[in-house]
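Step one of this worksheet: look at the structure below.
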Amino acid sequence: MKRSRLLALVSALVLATAGLIAGAAPAQAANLLTNPGFETGSLSGWSCSGGTGSVVTSPVRSGSRALAGAASSSDQALCTQTVSVLPNTAYSLTAWVRGNYVYLGVTGGASTWTPGAASYTQLTVNFTTGASQTTAQVFLHGWYGQGTYYADDVSLDGPGGSDPPTGGVPGAPANPSVTGTTANSISLSWTASTGTVTGYRVYEGSQVVKTVTGTSTAIDGLSACTSHSYAVAAYNANGESAKSATVSGTTTGCANTGLPKHALIGYLHASFANGSGYIRMADVPSQWNIINLSFGEPTSVTSGDIRFNRCPVAECPNVESEAEFISAIRAKQAAGKKVLISIGGQNGQVQLTTTAARDAFVSSVSAIIDRYGLNGLDIDFEGHSLYFNSGDTDFRNPTTPVVVNLISALKSLKAKYGANFVLTMAPETFFVQVGYQFYGGAGGGDNRTGSYLPVIHAMRDALTVLHVQDYNSGPVMGLDGQYHNIGNADFHIAMTDMMKAGFPVANTGHTFPGLRQDQLAFGLPAATSAGNGYTAPAAVHQALDCLAKGTSCGGYTLRGGASPSFRGLMTWSINWDRYYNWEFQNSHAPYLASLP
């Protein structure tokens, strides 16, 4: 027993004795929760979503019972209890947990989590109630597809309210689904909750966007071609149920970019040869749907002033004239191809540390696009271009200048060029999927991990294609809790599924929502000399079958479901593909065309 706790107990005894002499004083409950150790042998006092909660006799931390939450691919096994609290008062919520991913928190407030523990480990959340708050709903839940978690000895320490709830909170709604979409609305339905229900609240994140009495509704007033994720909770006089599983939908009205349903995307060495030889724009085969000119680079790391210099004759003896280059771009565009300027690359570090650099970026990139009449922009920031300052832990509201200024610059370019502006991104897994385990602003590791996530999220409704580089990567943990390695179908399936399903971002308490299926592609080296992680064509096709059709997934279960509109494949690079006799193009263009 810690000395501070012993002193607190002694003080409590003194105060209690004084109370007997001087009169009544408000009592502080040691634990406000009903059935905190599940020793009743039932879930009495608790409400668990979709029948996912049960009481078990092993493993337990103390006593003879504990909670088991069976998280599935469609349910987080959310268990809640609502209690009466006092406004403007500090409380401490603790629980002992083990097994797979476990989250502990207060609905609409603070939370914490652990990715798993072999033995019981204590989680703690300290919070202060709002000025008019009289109830608090505490929760435990796992994560989609991660399996069963266990919890025992849950405690909410603090003074109870004057009129604590007496039970009867409704069960969580089940089976939420999108029943229809228009350009400005998404229609939802769900299965009715058990118990007495006054109504249902539809949440987008932590915000209530609709309150209804029935089991269906339409969320109106949305923008065209925007993605939204919703969960539903039931409520009555005793409090609110656990939330349902999350369901996502996208409004119609997306601009037609002119891309085929399944596209082949490649980088063209336009400013250098790189040992693979120079290809004139007119000689790029017609199978390539998006051609990324590589690379626009800054005059200095922090200037924001981007320049695109075509390959010099000394390095590329067969380089065409600028007039021929522009004429060839026009011919590609007339054939329905998109030609973009790609900014960054391995050597092009771009840090927009100031608003002046941001403005220079917008001006200089615009000048390149206008000079060559390009269709848009590809962001290929690598190295140390993006990072987080300490404490920048909410990808939805980033504060680090290099991230904030990039987002602002991209929004300006999108606004300038309009709906048909093509925006693609080619981050490495380190900057995206690794954010599942580590997030740079939270400290304790590299401050660059996950640093693309706020950019992707902010631009999700303007983003044409995200093609993460599934190469030059170490092992990355997927939503199945397993590490996946480059060079095989399994890696491409797991990494892409993360972007479709969404995922909790490290220990930040925030969840990155998945992208639309038509925004998703993955990147590959064209050949063994082009990068680490070359994947044989048969394995690439297996990954495509899994992602687009839901077949041939091996031992992996898609958390985000099949994506018939999966956009396609990117490669580094068109030049390397020619060097190796067009294996990538000849293997994959016909296969993409054969997908439904």
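None of these values were measured; they are calculated from a predicted model.
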Distance col, row Leu453:CG vs Asp394:CG, nearest 0.5 angstrom, shows 11.5 Å

Self-check item: Aromatic ring pairing Tyr439/Phe388, orientation class (parallel under 30°, perpendicular over 60°, tilted between)
Solution: tilted

### Query
Are a donor atom and an acceptor atom from the side chains of His588 and His541 found within less than 3.5 Å of each other?
yes

For residues 385-429, the disulfide (SG to SG under 2.5 Å) pairs (sequence neighbours left out) are none

Sorted by chain and residue number, the side chain to side chain donor-acceptor pair (under 3.5 Å) partners of Arg578 (sequence neighbours excluded) come out as none

Item checked: Cationic tip of Arg559 above Tyr556 ring, under 6.0 Å, 45° of axis -> yes

Applying side chain to side chain donor-acceptor pair (under 3.5 Å) to Thr179 and not counting sequence neighbours gives none

d(Leu264 CG, Ile290 CD1) to nearest 0.5 Å is 9.5 Å

Query raised in the report: Would a 4.5 Å heavy-atom cut-off, applied to side chains only, mark Thr250 and Thr226 as touching?
Result: no

Going by atom types alone, do Asn488 and His492 pair a side-chain donor with an acceptor below 3.5 Å?
no

Do Asn184 and Thr182 meet the criterion of a side-chain donor-acceptor pair at a distance under 3.5 Å? yes

Would you give me the side-chain donor-acceptor pairs under 3.5 Å for residues 505-513, sequence neighbours excluded?
from, atom 1, to, atom 2, distance (Å)
Thr508, OG1, Val505, O, 2.7
Thr508, OG1, His510, N, 3.3
His510, ND1, Arg396, NH2, 2.9

Interatomic distance, OG1@Thr535 vs CZ@Phe584, rounded to 0.5 Å, equals 9.0 Å

Closest non-hydrogen contact found for Phe295 with Ser271 is N-OG, 3.1 Å

Margin query: Please evaluate residues Asp446 and Phe438 with respect to the criterion side chain to side chain contact (heavy atoms under 4.5 Å, CB included), reporting the C-alpha separation (whole Å), side-chain torsions for both, the decisive distance (0.1 Å), and the verdict.
Written below: CA-CA 8 Å; Asp446 195 310; Phe438 309 103; over 6 Å; no

Kindly check if the number of other-residue, nucleotide or ligand heavy atoms within 6.0 Å of NZ (Lys416) is above 12?
-> yes

(message) Please determine whether side chain to side chain contact (heavy atoms under 4.5 Å, CB included) holds for the pair Asp545 and Tyr591, giving the CA-CA distance in whole Å, both sets of side-chain angles, and the decisive distance to 0.1 Å.
(response) CA-CA 10 Å; Asp545 286 344; Tyr591 204 84; 2.9 Å; yes

Sequence neighbours excluded and cut-off under 3.5 Å, please list the side-chain donor-acceptor pairs for residues 419-435, or say none.
from, atom 1, to, atom 2, distance (Å)
Thr424, OG1, Asp378, OD1, 2.7
Thr429, OG1, Ser473, OG, 2.8
Gln433, NE2, Met495, O, 3.2

Name each donor-acceptor pair under 3.5 Å that joins a side chain in residues 562-569 to protein atoms two or more places apart or in another chain, with its distance.
from, atom 1, to, atom 2, distance (Å)
Ser563, OG, Lys500, NZ, 2.9
Arg567, NE, Asp518, O, 3.0
Arg567, NH1, Pro260, O, 2.6

